[in-house]
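Take a look at the structure below.
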Amino acid sequence: MAKPKIEPRLPKGMRDFLPGEMIKREYVFNIVREVFHLYGFEPLQTPVLELRDTLMGKYGEDAEKLIYQAQHPGGKEEVALRYDLTVPLARVVAQYPNEIALPFRRYQLAPVWRAERPQRGRYREFYQCDADIVGASGMNADAEIISLIVTALTRLGFTSFSIKINSRRLLTAIGQFAGVEGAALAELYRSIDKFDKIGADGVREELIKRGLPAEAVTRIMDLITTHTDSPLDFLDDALNALPDARAAIRQLRDLAGWLEALGVPKTAYAFDFTMVRGLGYYTGPIFETIITEPNLGSITGGGRYDDLVGLFKGESVPTVGTSLGIERIIDLMEALNLYPPNIGGTVVQVMVTVFDDTTQVESARLTAELRAAGIRTELYMLDRPLGKQIGSADKKGVPLVAILGADEIAAGVVKFKRLVDGHEESIQRSQAAEAVRRLLGNGG
RNA sequence: GUGGGUAUAGCUCAGUCGGUCAGAGCGUCUGAUUGUGGAUCAGAAGGUCGAGGGUUCAAGUCCGUCUACCCACCCCA
């Protein structure tokens with residue numbers, strides 16, 4: 001055999017998912033999909049490629065440099081790989097006014113591409129998982145999204161997490177209260193967002209370095225870091241001269257009321273006025289889920305963005321949604337050992353061995369019988385000794401092998417061997433599928 | 001985009017002062033064992049020491065260039 005002349009490699013920041021890993025990813029994806037359906041969210045799929053004009057001008061100058069352009073030689077259309085799932089959603093809502101009835105709740109679980117410099121947990125192709133409600137301005141929609149997050153994380157097995165809730169509108173009002181507006185506001189957000197990383201003193205220092213007056217910094221920091229039993233009351237008092245702030249706080253109170261009605265436990269969320277989402281388009285409440293024990297950073301992020309759809313539609317459409325950091329969640333499932341113990345590295349439940357030339361047809365028949373009964377069955381394909389066949393099943397993680405030699409065939413039975421404990425049983429052929437279910441149920 | 005680190009077998013890595021340094025463990029394959037996997041034992045295959053230069057009598061080892069990967073920052077999921 002000639003040596004391969006082309007070195008097998010992947011483009012930077014791209015990954016293959018081999019079966020063992022893929023099975024775990026599918027497990028997470030399936031639970032998330034189930035919960036979305038439970039909440040009445042519909043699936044949506046959009047193309048990997050969008051027109052450049054659809055994407056450009058939505059993410060800011062820096063982010064735009066990371067958009068993959070996707071021309072082919074001689075191509076007449078300017079196309080690009082999607083950068084997220086939110087802008088395509090906005091496009092879809094604007095494009096199908098007759099097919100899509102508002103409010104529209106959709107989810108999308110799909111890859112996006114960003115030409116960033118890869119790092120641990122950061123890739124150039126990664127899956128995003130978004131759920132949004134388009135066309136509902138009430139806080140009941142925001143509460144649905146938060147409830148959805150709690151249910152999804154709980155079903156996945158997460159126990160120690162907290163959803164931080166803040167309001168972009170409130171932060172803007174606080175900025176105004178301290179005399180910060182326009183471009184300086186974005187810088188203010190960016191610094192406050194580092195609160196977890198660099199602490200109150202770090203944020204204070206950075207704000208002063210950015211040129212904010214010391215007095216304004218003190219006012220802002222006092223407002224966002226004071227902890228009381230009723231944070232909304234505290235801010236309401238402190239900011240009662242600002243109608244915008246009061247409106248934002250009223251929204252948050254409303255949101256808390258809906259969360260209670262939906263049965264979201266109070267321990268699952270908390271108002272945190274130092275939490276800021278990076279993206280510029282949020283207009284109302286914002287939320288982010290952090291794993292609290294151990295402290296492993298955020299796994300969901302979202303909020304209300306009432307103006308984005310308007311970029312395609314011309315009129316504003318109130319929208320709220322969240323992104324589940326599905327790649328991060330998958331990493332943490334492993335780290336926190338949240339996969340079910342029997343998840344295994346294969347989808348195969350039974351491997352049917354092949355004894356020799358004279359029995360191979362019978363092995364194929366048995367395989368077909370098991371499959372017809374719904375057992376996920378692999379027929380061994382090579383002519384190798386039985387020991388090798390069993391070893392190969394074991395290595396792959398197949399829990400059961402079926403042994404079908406001349407003796408078994410003559411007796412009309414099949415012998416199953418359970419690899420985890422070596423337990424063997426001869427079973428009448430007609431009872432085979434049933435026995436497989438029983439053998440898998442007991443030991444592995 | 002900015003700064004730092006690393007690169008030796010399929011994987012994880014050792015390799016001293018430049019001079020028998022081409023090594024270990026794991027994995028793979030073969031056999032002990034032609035109707036039974038894991039354990040054990042024996043054996044085998046597998047490397048242009050990331051690439052291409054320079055210094056030197058001599059380079060895996062020293063120097064600079066390139067590439068890839070990792071980490072931090074920026075940004076974000």
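In the text below, chain A, chain B and the rest are named by the order of the sequence lines, each starting its count at 1. Side chains included, hydrogens not; waters and symmetry mates left out as well; all remaining heavy atoms used.
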Scan [X] against the nucleic acid and name what it touches under 4.0 Å (heavy atoms): base, sugar-phosphate only, or nothing.
X	answer
A/Ile403	base
A/Arg114	base
A/Tyr127	nothing
A/Glu408	base
A/Lys12	sugar-phosphate
A/Gly301	nothing
A/Lys197	sugar-phosphate
A/Asp407	base

Ring centroids of A/Phe126 and B/rA77 base under 5.5 Å with planes under 30°: yes
May I ask you to test the [X]-[Y] pair for a side-chain heavy-atom distance under 4.5 Å?
X	Y	value
A/Leu324	A/Ile299	no
A/Arg106	A/Leu85	yes
A/Val320	A/Phe287	yes

B/rC75 OP1/OP2 closer than 4.0 Å to side-chain N/O of A/Arg122: no
Phosphate OP1/OP2 of B/rC71: any A/Arg117 side-chain N/O under 4.0 Å: no
First of A/Arg328 and A/Lys194 reached from the 5' end of RNA chain B, by closest nucleotide: A/Lys194
Would you mind reading off the distance between [X] atom [atom1] and [N] atom [atom2], rounded to a whole angstrom?
X	N	atom1	atom2	value
A/Lys417	B/rG35	NZ	P	15 Å
A/Lys388	B/rG38	NZ	P	8 Å
A/Arg277	B/rC75	CZ	C1'	12 Å
A/Ile198	B/rC74	CD1	C1'	13 Å

Residues from residues 16-26 of chain A lying under 4.0 Å of RNA chain B - heavy atoms: none
Point-to-point distance, once rounded to the nearest 0.5 Å, from CZ of A/Arg304 to CD of A/Gln251: 7.0 Å
A/Gln389 (side chain) and B/rU36 (base): donor-acceptor pair under 3.5 Å: no
For RNA chain B, stems built from three or more consecutive Watson-Crick or G-U wobble pairs below 3.5 Å: B:1-7 with B:67-73, B:10-13 with B:23-26, B:28-32 with B:40-44
Between A/Tyr189 and A/Thr172, a side-chain donor and acceptor under 3.5 Å: yes
Donor + acceptor pair across side chains of A/Thr377, A/Gln349 (<3.5 Å): no
Which nucleotide in B/rU30, B/rC75, B/rG35 has an atom nearest any side-chain atom of A/Arg384: B/rU30
Ring-ring centroid check A/Tyr107 A/Phe41, cutoff 6.0 Å: no
